[in-house]
2 protein chains.
Amino acid sequence: MATPRWRQLADRLAAQIADGTYGPGDPLPYIRDLVEQGEGSKALVHQAFRALEAEGLVVSRRGKGTFVRRQRQQVRREPQRRYQWEKDRALLPEEERAKTGATEFDTGLELPELRFHSRYTTIPAPPQIARRFDVADGTLMLCRRYWTSSRDEDAPLSLIYSWLVHEVAAQNPDLLNQDNEPWPGGTMNQLLTIGIEVDHIVDEISTRSPNTEETEILALDSGVPVLILKKTSIDTNGKVAEYSEVALPGDRTQMAYTIPLKRWKKN
Amino acid sequence: MATPRWRQLADRLAAQIADGTYGPGDPLPYIRDLVEQGEGSKALVHQAFRALEAEGLVVSRRGKGTFVRRQRQQVRREPQRRYQWEKDRALLPEEERAKTGATEFDTGLELPELRFHSRYTTIPAPPQIARRFDVADGTLMLCRRYWTSSRDEDAPLSLIYSWLVHEVAAQNPDLLNQDNEPWPGGTMNQLLTIGIEVDHIVDEISTRSPNTEETEILALDSGVPVLILKKTSIDTNGKVAEYSEVALPGDRTQMAYTIPLKRWKKN
DNA sequence: GAGTGGTCTAGACCACTGT
DNA sequence: CAGTGGTCTAGACCACTCC
C-alpha cells in the first residue's frame with residue numbers, strides 16, 4: 001500500500017529534525033497551522049505528531065506546543081567495577097558501609113533527598129524463577145520490590161525485583177523485614193550474614209516497551225523503552241544465591257563492559 | 001486529567017492479556033464488534049489497539065484481525081566468548097577462517113542462504129567519531145555499513161556502522177574495497193594485516209526507538225525498540241583501532257556478560 | 001462479496017498555558 | 001481570554017483476506 005499521508009508528514013518532519021531545521025528544544029509548527037496549510041485534517045496531523053512522539057523525537061505540551069526532544073544525560077553503569085566494589089564493601093564495619101550506597105556509586109550524586117521504597121512478599125516460585133534457582137516449582141521465595149527516587153527530576157531511577165529462596169533468607173530474620181531497607185552494605189552484605197559468598201555474577205541485558213507501572217514509577221516519556229537487566233549471583237558452591245530483574249529508563253542509561261583479550265604470542 | 005476512554009480500553013485488554021484471558025496467538029475482539037458494544041467510536045477503539053501494538057502486546061493483520069503477540073525467540077550474544085574466539089581465529093590460515101563466520105557464531109545457524117550487504121564510504125570524521133578516536137575533527141575515516149540477512153524470516157539480524165581511520169586502513173588497499181566482504185576472519189584479521197593487535201574491547205549498551213531505516217532492514221514489528229551496542233576496540237598501544245555501532249532487534253536479542261569476583265580471604 | 005483493519009474528514013468539546 | 005494539544009464522534013472510503 002502507498003505510504004499514508006500522516007506517515008509522509010511525520011517522515012518529513014523527522015528529516016527536518018535530523019538535518020537541524022528544528023534543533024533540540026525548538027518548537028514544531030502548530031497542529032492547527034498545518035491543518036490550515038492543507039496538510040490534512042486535525043486528526044491526521046495529530047496522528048503524525050503522535051508517531052513522532054512514539055519515536056522519541058518530540059514532546060508535546062498541552063497549551064504550549066510540540067518541541068524537539070533534548071537528549072537526556074545518560075548515566076553510565078559499569079557492573080564489573082560496581083559488583084566488585086559492592087563485594088569489597090560488604091566486609092567493612094557497619095559505620096563504613098553506611099557512608100555511601102550503591103545508588104550514589106551509580107549516579108555520582110551525593111545522598112540528598114533520596115527516598116527508598118520497598119515491599120517484601122513471600123510467594124511460591126513461578127516456573128521461570130524456579131528454573132533460575134534450580135528448585136522445585138512452588139518453592140517459597142522471598143520477593144523484594146524496591147526503587148530509589150529523588151526530588152531532583154533529573155535523578156536516574158531503577159525499578160527492581162529481587163528474589164531469594166525464603167528458607168535460605170530466613171536464617172537471618174532481619175532479612176525478612178522490609179523496614180530494614182536500605183540495608184547498609186547492600187545485598188552482598190545481607191548474603192554474608194547467612195554465610196554466603198558470591199563467586200561471580202551473570203548479567204543478561206535485553207529491552208522492551210515499558211508497562212504502565214514502569215512508565216509511571218520511572219517517569220518515562222512516551223516512546224522511551226526500558227533496558228532490562230537480569231542479574232544472577234552465583235555463590236562459591238555454584239548455586240544461585242540471588243536473582244534480580246532491574247528495569248532501567250532507556251533514555252538515561254548506558255551499560256558498559258570491558259572485555260580483555262589474551263595477547264598473541266610474539267613471532 | 002481523567003484517563004481517556006481509549007486508554008481505559010487498552011488497559012483493560014492489556015490486563016486480560018496479562019491474566020491469560022487472551023493467550024499468545026489468540027485473536028482479540030474485532031474493532032467493529034467493540035464499537036457495536038458501545039466501547040466508543042471506531043477511531044477510539046482503533047487508537048486503543050494502536051497503543052497495544054506500540055507496547056508490543058498485539059499485532060494487527062489487515063483483513064484478519066488483531067492477535068496477541070507471541071514472544072519471539074531470543075538470540076543470546078556473549079561478547080566475552082565471541083571476541084576471544086574472533087581474535088583466536090584471526091591467526092588461522094585462510095581455509096580455516098573461511099569455514100565459519102561470526103554470524104553463525106552468534107546465531108548457531110548453519111550458513112544457508114545468508115546474504116551479505118556492505119557499503120563503504122570515506123568521509124571526514126564527525127565530532128563524536130573524532131572524539132572516540134582522539135583525532136582531529138574532519139580526519140578522513142573509512143565508514144563501513146553492513147548487515148547480513150537470510151531467507152528465513154526468523155533469522156536474527158544486525159545493522160552495523162563500523163569506523164576506521166582511513167589513513168591506517170589504507171596501508172592494506174584490500175581493506176578499502178567493499179567487494180571483499182565478507183572478509184574471512186572478520187575485523188580482527190583485517191586489523192592483523194595492517195599490524196594491529198586488539199588488546200581489549202569496551203562494549204557500551206543502550207536502547208532507543210528505531211528509525212525508519214532500522215525498522216525496515218531489521219523487519220521490526222511496530223513497538224519493538226532496538227538495542228544499541230557501541231563497541232570500541234583498543235589496540236596494544238592504547239589507541240582506538242576500530243569503533244562500531246550495532247543496532248540489534250530488541251525482541252530477539254539478549255546480551256550476556258559474566259563478572260568474576262575476587263574471593264574473600266578465609267578467616 | 002462479506003468482513004477485517006487502516007486512513008481520512010469535518011466538526012465538536014475538553015484540559016491546559018499563557019497574558 | 002485566545003490559543004494550544006488531546007479526545008471523541010459519525011461516517012466515508014480503501015486495502016487486504018478468505019470463501
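In what follows, chains are A, B, ... by sequence order, proteins preceding strands, each numbered from 1. Values below: all heavy atoms of this structure, side chains included; hydrogens, waters and symmetry mates excluded.
- In terms of position on DNA chain D, the residue among B:Arg5 and A:Arg61 whose nearest nucleotide sits closer to the 5' end is A:Arg61.
- Atom pair B:Leu34:CG and C:dG3:P shows a separation of 17 Å (rounding to whole Å applied).
- Side chain of A:Arg5 to backbone of A:Glu39: a donor-acceptor contact under 3.5 angstrom is found.
- Side-chain proximity of B:Lys42 to D:dA12, C:dC13, D:dC8: nearest is D:dA12.
- A side-chain N or O of A:Ser162 and one of A:Glu242 form a donor-acceptor pair less than 3.5 Å apart.
- Remark: P of C:dT4 and NE2 of B:His46 are 14 Å apart, rounded to the nearest angstrom.
- Between A:Tyr243 and A:Phe133, the angle of the ring planes goes over 60°, which puts this pair in the perpendicular group of the 30/60° scheme.
- When distances run from any side-chain atom of A:Arg32 to the nucleotides C:dA10, D:dG5, D:dA12, the shortest one goes to D:dG5.
- When rounded to the nearest whole Å, the span between CG of B:Leu9 and C1' of D:dT7 equals 14 Å.
- With no hydrogens or angles considered, no side-chain donor-acceptor pair links A:Arg252 and A:Gln74 at under 3.5 Å.
- Take the nearest nucleotide of DNA chain C for A:Gln47 and for A:Lys64: the residue whose nucleotide is more 5' is A:Gln47.
- Taking atom CD of residue B:Glu36 and atom C1' of nucleotide D:dG11, one finds them 15 Å apart after rounding to whole Å.
- Taking atom CD1 of residue B:Ile31 and atom C1' of nucleotide D:dC16, one finds them 14 Å apart after rounding to whole Å.
- With DNA chain C read from its 5' end, the first of the two nearest nucleotides for B:Ala43 and B:Pro29 is the one closest to B:Pro29.
- Shown here for B:Trp6 and B:Leu44, the closest heavy-atom pair between the two residues is CB-O, 3.7 Å.
- The CG-P distance, from B:Leu44 to C:dT7, rounds to 16 Å in whole Å.
- Note: CZ (B:Phe49) to C1' (C:dG6) measures 13 Å, nearest angstrom.
- In this structure, the CZ atom of A:Arg7 is 19 Å from the C1' atom of D:dC14, given to the nearest Å.
- Closest contact between the side chain of B:Arg62 and the listed nucleotides C:dG6, D:dT9, D:dG6 involves C:dG6.
- Taking only side-chain atoms of A:Thr66, from C-beta outward, the nucleotide of D:dG5, D:dT7, D:dG6 with the closest atom is D:dG5.
- Comparing atom distances between the A:Ser60 side chain and each of D:dC8, D:dT9, D:dG6 picks out D:dG6 as nearest.
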